[in-house]
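See structure below.
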Amino acid sequence: MEIPKTYDPKQAEEHHYGRWEREGCFAPEVNGDPSAPVYSIAIPPPNVTGSLHMGHALQHTIMDVLTRYYRMKGFRTLWLPGTDHAGISTQIMVERQLKKEEGKTRHDVGREDFIGRVWKWKEQYGGEIQRQMRREGVSVDWSRERFTMDEHLSRAVREFFVRCYEEGLIYRGPGMINWCPKDQTALSDLEVDKESQAGKLYYLRYPVKGSDRRVTVATTRPETMLGDTAVAVSPVDERYADLVGMTLILPIVGREIPLVADEFVDPEFGTGAVKVTPAHDPADYAMGKRHGLAQVSVIDQHARMTAEAGAEYEGLDRYEARERVVQKFEESGLLEKVVDYEFSITKCERCGTVIEPLISTQWFLKQAELAREPLRLFRERREPRFVPENPYAKVYENWLAGLYDWTLSRQLWWGHRIPAWYDAGGNVYVARTEEDARRAAGADDLEQDPDVLDTWFSSALWPISTLGWPDEGSPDLKTFYPTSVLVTARDIIFLWVSRMMMTGMKFEGRKAFDDVFITGTIFDKHGQRMSKTKANGIDPLVVFDKYGVDATRLVLASIGSTDTRWNDNQVESYRNFANKIWNAARFCLMNSEGARVGGGFEGEPERWALHDRWIVSRLNKTAREVAAAVEAYQFHEAVYALYHFFWDDFCDWYIELSKSDVTAADAGPERDAARGRVLTVLEQALRLLHPFMPFITEELWQRLPGVGKESLHVAYREAGVTPTVMLAAFPRADESLVDERAEAEMRSVIELVSRVRNIRTELSVKPSEEVRLVIGTAGNGLGDLFTASLPQIKRLTRAADVSVRDSLAEVPRASARAVLAGGAEVAVPLEGLIDFEQERARIGRAREKQEKELQKVGGQLSNPQFVGRAPAEKVEELRQRAADLAGRIKALGEMLEALGE
RNA sequence: GCCCGCUUAGCUCAGUGGUAGAGCACACGCUUCACACGCGUGGGGUCGUAGGUUCAAGUCCUACAGCGGGCACCA
C-alpha cells in the first residue's frame with residue numbers, strides 16, 4: 001500500500017465532509033435508538049454579513065467536540081446552525097453597494113425595492129460563513145439551518161412582540177435613547193461603546209435672578225446649555241442651601257430656570273452645581289422627571305441645533321455651536337475657566353459616530369420584568385450553570401438584577417417590521433397580521449409602523465424559534481429543548497445568554513440551556529485584542545491552509561475558556577502531532593497483511609505480554625480521562641491525555657516494543673496477532689481523537705482493515721450510511737482492563753531502557769554500536785520481569801547481549817553503571833570507552849542528587865510534628881521513598897568503589 | 001469607587017495542600033528499515049512581593065504591586 005510520508009491535511013479535508021453531510025450523518029435522525037438520551041446545541045447565530053474569525057473558530061471547535069463526542073456516545077444529537085440578519089450592518093453594506101453601482105440612496109429606490117435588493121445580496125454573498133464552517137468540519141445539521149428573517153422565525157418575532165404588548169411589557173412612548181446621527185437610528189445601550197477622551201471642562205456662570213450672585217456650573221458640553229431647564233445642587237450642600245428654590249437667568253437664552261436640590265448631585269465634584277438638560281442627557285432626563293422640568297430639545301437627529309436653540313444657532317453642527325456658545329460666555333464675562341479634562345464619550349459601535357442622547361418616541365421592552373424568572377432560577381438553583389463559574393455567574397446575575405427598558409425600534413428597513421398599525425386618528429393597533437389589525441381598528445386604511453426591531457430581539461428567541469416555537473406541539477421543541485449548552489464569548493452574556501433565558505422561561509417555562517460555556521479571548525502575540533481597525537486579526541482560514549484544520553482545532557480546544565495570546569508554535573506542534581498520527585498509521589498499515597482491527601487480544605489478559613497488558617491499561621485510562629475531561633469542559637486535559645497517550649505510550653513505546661513481532665520475517669499467527677494488536681489500539685485511538693481531529697481520523701479509519709458496519713455504535717447500525725468513525729462508539733473505559741501492576745512493571749522496563757540510553761549518550765557510544773548489558777536484580781523478583789521482556793530490552797537499548805543476575809559483583813571494572821528503582825542495577829561494560837575519573841564524577845553527581853533529596857525527606861521524617869499529624873499513608877509513602885533513596889545511595893557508593901579510587 | 005481574573009522555565013500555557021510539568025525554543029548526538037513535521041539524551045524555575053494558616057503552601061487566607069476585564073460614576 002502506497003502511503004505518503006507526510007500527511008496532507010487538504011486532501012483529507014476535501015474528502016469526507018461532503019459525504020457526512022450528504023448521507024445525513026449530522027442529523028439526529030441518523031440515530032435509530034428511540035430511547036437514546038438527547039444532546040442539543042443551538043449555535044449562537046453568526047452575522048449573515050460576517051466571515052469567520054478566530055472567535056467563531058474557537059466556539060465552533062468547542063461545540064463540535066461536544067457534539068461529536070456525545071454523538072459517538074450514542075446520544076440523539078442536534079447541533080442547529082443558522083445566521084442572523086444583522087439589521088444595521090447588512091443595510092449599510094447594501095446601501096453602500098447601491099451608492100457605488102447606481103449612485104442612489106435607499107430612498108431613491110423605495111422600501112420594497114430596497115428590501116428585495118437586500119435579499120438578493122443575502123442570497124449572493126450571505127453564504128460565506130456557512131462555507132467556511134464546512135471547512136472547519138462542524139457537524140451541524142444543515143437540514144435544519146435557520147435564518148432570523150425566515151418566515152417561521154419572523155412569525156415567532158411577531159408573536160413575541162404581540163404577547164408582550166398585550167401584557168404591557170412592550171410600550172411605545174417618548175424616552176431618552178442613544179441616537180446615531182450618521183446611521184439615523186436609535187440604538188440600545190449594548191450597541192454603543194464608551195471611550196475615554198481628552199476634552200475640556202467649561203465652568204459657566206449663571207446669574208441669580210434679582211441678585212448679583214452667580215452660580216457656576218461645570219460642563220463638558222457647553223452647547224447643551226441652550227436646552228437647560230434647571231440647575232441642581234446637592235440637598236446637603238451648605239454653599240447653595242440658601243439658593244435652592246430661587247431662579248436663575250440662563251445666559252444667552254434669557255430663560256428663567258429654577259435651582260433645585262437633588263440627591264444625584266455630588267457636592268465634591270466640580271462646583272457642586274450641575275446644569276440640567278433633560279432633553280440631551282440620560283441623567284438629566286431622570287432628574288427632569290423627578291422635578292417636573294421642561295424638556296427643551298436643542299439638537300436634532302442630524303446633530304444640528306434646532307430652532308429652539310435660538311435663531312443664531314439653528315442649523316449649526318453641535319461642535320460649531322459649542323465654540324460659539326463658549327465665545328459668547330467669554331465675551332459676557334460669564335466664562336469662569338476652561339480646564340483640561342478626560343471624560344468618556346459614547347460612540348456608535350458600528351460607525352464610530354458620537355452618539356447624541358435625545359428624547360424620541362420609540363418602542364421599549366420592560367426587560368427587568370422579563371428577567372424576573374431567570375433571576376429567580378439563578379438565585380434559587382444556580383441555573384444555568386456557567387463554565388467557568390467565575391466571574392461569569394456573577395456578571396450574569398448582576399446584569400439581570402440591574403436591567404432597564406430596552407429600546408427595540410430601529411429606524412431601518414432591513415429587519416422585522418414592527419407589527420403595529422396606525423389609523424387616520426393616530427390610534428395604534430398591535431397585531432399578528434395586518435388583517436387582525438384592520439379587524440381591531442374597524443378600518444381598512446391602516447399604516448404600519450415604519451420601524452423595524454433590533455436584531456437581538458429575534459436572536460433572543462433563537463433556541464425556541466429554531467425548534468418550532470410558537471407552533472403548538474412542535475416535535476423538535478419537544479425533543480431538543482432545553483438545549484444542553486450555549487457556547488459563546490463573554491460579551492454575549494448580555495446580548496444572548498440573558499435574553500434567551502428570558503424568552504425560554506417566558507414561553508416554554510424552562511431554561512434555554514443547562515450550561516453556558518464562555519470561551520476565552522484570543523489576543524495577538526503582543527497581548528492586543530484582535531480588531532479590524534488594528535488589522536491584527538489572525539484569519540483562521542490562513543491558519544487552516546498553513547497547518548491543517550485538525551491541528552488548529554486541537555489548539556482551539558486546548559484554549560477553551562482561557563485567555564490566550566495566539567502562538568503559531570502551538571499549531572505547528574499539533575501539525576507535527578497530526579503527522580505523527582499519520583505515520584504511526586502508516587507503519588501499522590504497511591504491516592497489516594494477515595491482520596484485522598479487533599484481532600490479537602484473544603484469551604485471558606493475564607496471559608498477554610507485559611507491553612500488551614500495559615497499552616490496554618493505558619488506553620482504557622485515557623478513554624476514561626478524555627471522557628471525564630470533555631464532560632467537564634476541560635478540553636485542554638483531554639487534548640493533553642490524547643497527545644501523550646498517542647505519542648509517548650503508543651508510538652514511542654508500544655509500537656517500538658511490538659516492532660520485532662510486527663515486522664517478523666516469517667508470516668505466522670504470532671506475527672499476525674501482533675499486527676492485529678497495533679491495529680486495534682490504533683483504531684481505538686482514532687475514535688478517541690475523532691471529536692477533536694475529525695478529518696485525519698476519518699481519513700485513516702477508512703483505510704483500516706476490518707472496520708465496517710459492526711464498528712458503528714449500535715444506535716447507528718441501521719442508518720444505512722457509509723461506515724464512519726464519526727458514528728463509531730466512543731471507547732468506554734473498561735476498568736477491569738486497567739492494570740496498575742502492568743503499568744508499574746512497564747515503568748521499570750522504561751527506566752532500565754532510559755538509564756542505558758543515558759549511559760550510551762553520556763559516554764558517546766555510537767548509536768550504531770551494540771553493547772552488552774548486565775542487570776543486577778538484587779534477588780527481588782525483578783529478574784522474571786526483565787527476562788520476559790528481554791527481546792524488547794535488547795532492541796530498545798541496542799544491546800547484543802543481556803544477562804540478568806542477582807548482583808553486579810562480577811562485572812568488569814570498566815563498566816558504566818546506573819541504579820534503578822526497586823534495588824535493581826544495570827551495568828554496561830565498555831572496555832576502552834570508560835574514563836574512570838569521568839565516570840566516577842558522573843556517578844558522584846548522581847549520588848549527590850539523591851543525597852540532597854534524602855536529606856529533605858529525612859528532615860521531614862525526623863520532624864515529630866509531621867509524623868504525628870500527617871496522615872499515616874503520607875508518612876508511609878515518605879518512608880518508602882527514603883528507603884529507596886538510601887538504597888540507591890548505597891548502590892551508587894558501591895559502584896564508586898568498584899570503579900576504584 | 002465596587003467586583004472579578006491573571007502573575008509558574010526564554011515564549012505560550014497546564015498544575016487536585018504532600019517529589020514543580022507540557023509544547024515550542026535551546027544544547028549535544030543520530031541518513032536506527034512509520035515519521036528530520038523525526039529519533040535519542042540533556043540543561044533551564046527562590047511559582048509577582050510581604051505576611052499569615054498548616055506537620056506541609058505554586059495551591060488556602062490577608063495586604064501590596066503590575067497587567068487585564070466587568071459594573072457604577074464621569075455635571
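In what follows, every heavy atom counts, from backbone to side chain, and hydrogens, waters and symmetry copies are set aside. Quick note on labels: first sequence line is chain A, next is B, and so on, each numbered from 1.
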When you measure from the side-chain N and O atoms of A:K194 to the phosphate of B:C74, is any distance below 4.0 Å, counting only OP1 and OP2? no
Within less than 4.0 Å of OP1 or OP2 of B:G15, is there a side-chain N or O belonging to A:H636? yes
As a test of reading the structure: which of B:G18, B:U32, B:C74 is closest to the side chain of A:P871, going by heavy atoms? B:G18
On RNA chain B, more 5' by nearest nucleotide between A:I559 and A:R755 is A:I559
Nucleotide forming a Watson-Crick or wobble pair with B:G5, both distances under 3.5 Å: B:C67
Take atom C1' in B:U46 and the same atom in B:C37, then report the distance between them in whole Å. 38 Å
Before we go on, tell me: are the rings of A:F577 and A:Y643 under 6.0 Å apart, centre to centre? yes
Which whole number of Å gives the distance between the C1' atom of B:A50 and that of B:C74? 35 Å
Is the phosphate of B:G40, meaning OP1 or OP2, less than 4.0 Å from a side-chain N or O of A:N758? no
Proximity to the side chain of A:N576 - top-ranked nucleotide from B:G40, B:G29, B:C37: B:C37
Picking from B:C37, B:G69, B:G15, the nucleotide nearest the side-chain atoms of A:R529 would be B:G69
Counting only Watson-Crick or G-U wobble pairs whose two distances fall under 3.5 Å, which nucleotide matches B:C39? B:G29
Whether A:F517 and A:Y633 hold their rings parallel, tilted or perpendicular, with breakpoints at 30° and 60°: parallel
Is it the case that B:A25 (base atoms only) and A:E572 (side chain only) share a donor and an acceptor within less than 3.5 Å, ignoring hydrogens and angles? no
Under 3.5 Å, is there an N or O donor on one side and an acceptor on the other linking the side chain of A:R757 and the base of B:U41? no
Earlier contact from the 5' end, RNA chain B, for A:S754 and A:N398: A:N398
Using a strict cut-off of less than 4.0 Å between a Lys/Arg side-chain nitrogen and an Asp/Glu carboxylate oxygen, indicate whether A:R845 and A:E848 qualify as a salt bridge. no
Can you tell me if the side-chain N/O atoms of A:K874 get under 4.0 Å from OP1 or OP2 in B:U19? no
Measuring only the C1' atom in each nucleotide, how far is B:C73 from B:G66? A whole number of Å is fine. 25 Å
Choose from B:C74, B:G40, B:U12 the nucleotide whose nearest atom is closest to any side-chain atom of A:T761. B:G40
A:H644 side chain: which of B:U12, B:C3, B:G23 is closest? B:G23
Presence of donor-acceptor pair under 3.5 Å, side chain of A:S573 and base of B:C24: no
Kindly indicate whether a cation-pi arrangement holds for A:K580 with A:F650, taking the cut-offs as under 6.0 Å to the six-membered ring centre and within 45° of the axis. no
What's the closest nucleotide to the A:T6 side chain, out of B:C37, B:A14, B:U19? B:C37
Is the CD atom of A:E762 crowded by more than 12 outside heavy atoms at less than 6.0 Å? yes
If I take atom CG from residue A:D884 and atom CD from residue A:Q850, how far apart are they, to the nearest 0.5 angstrom? 8.0 Å
Can you tell me the pairing partner of B:G51 across any strand shown, Watson-Crick or G-U wobble, with both distances under 3.5 angstrom? B:C61
What interatomic distance, in whole Å, is found between C1' of B:U62 and the corresponding atom of B:U53? 10 Å
Output the single nucleotide from B:G70, B:C4, B:C39 whose closest atom is nearest the side chain of A:V395. B:G70
Spacing of the P atoms in B:G10 and B:A27 (rounded, Å): 16 Å
Rounded to the nearest 0.5 Å, how far apart are CG of A:D193 and NZ of A:K347? 9.5 Å
At under 4.0 Å, does any side-chain N or O of A:K580 touch on OP1 or OP2 of B:C39? yes
With the side chain defined as heavy atoms from C-beta on, A:S344 is closest, among B:C4, B:C74, B:A14, to B:C74
Mind checking the P distance from B:G48 to B:A14? Whole angstroms is fine. 14 Å
Pairing partner of B:G23, by Watson-Crick or G-U wobble and under 3.5 Å for both distances, is B:C11
Ignoring hydrogens and angles, does a donor from either the side chain of A:R575 or the base of B:C37 sit under 3.5 Å from an acceptor on the other? yes
Does A:W566 have a side-chain nitrogen or oxygen under 4.0 Å from the phosphate oxygens OP1 or OP2 of B:C13? no
Would you mind classifying the nucleic acid contact of A:E268 as base, sugar-phosphate or nothing, using non-hydrogen atoms under 4.0 angstrom? nothing
From the list B:C74, B:C35, B:C13, which nucleotide is the closest neighbour of the side chain of A:F343? B:C74
When you get a sec, tell me which of B:C74, B:C39, B:C4 is the closest nucleotide to the side chain of A:K394? B:C4
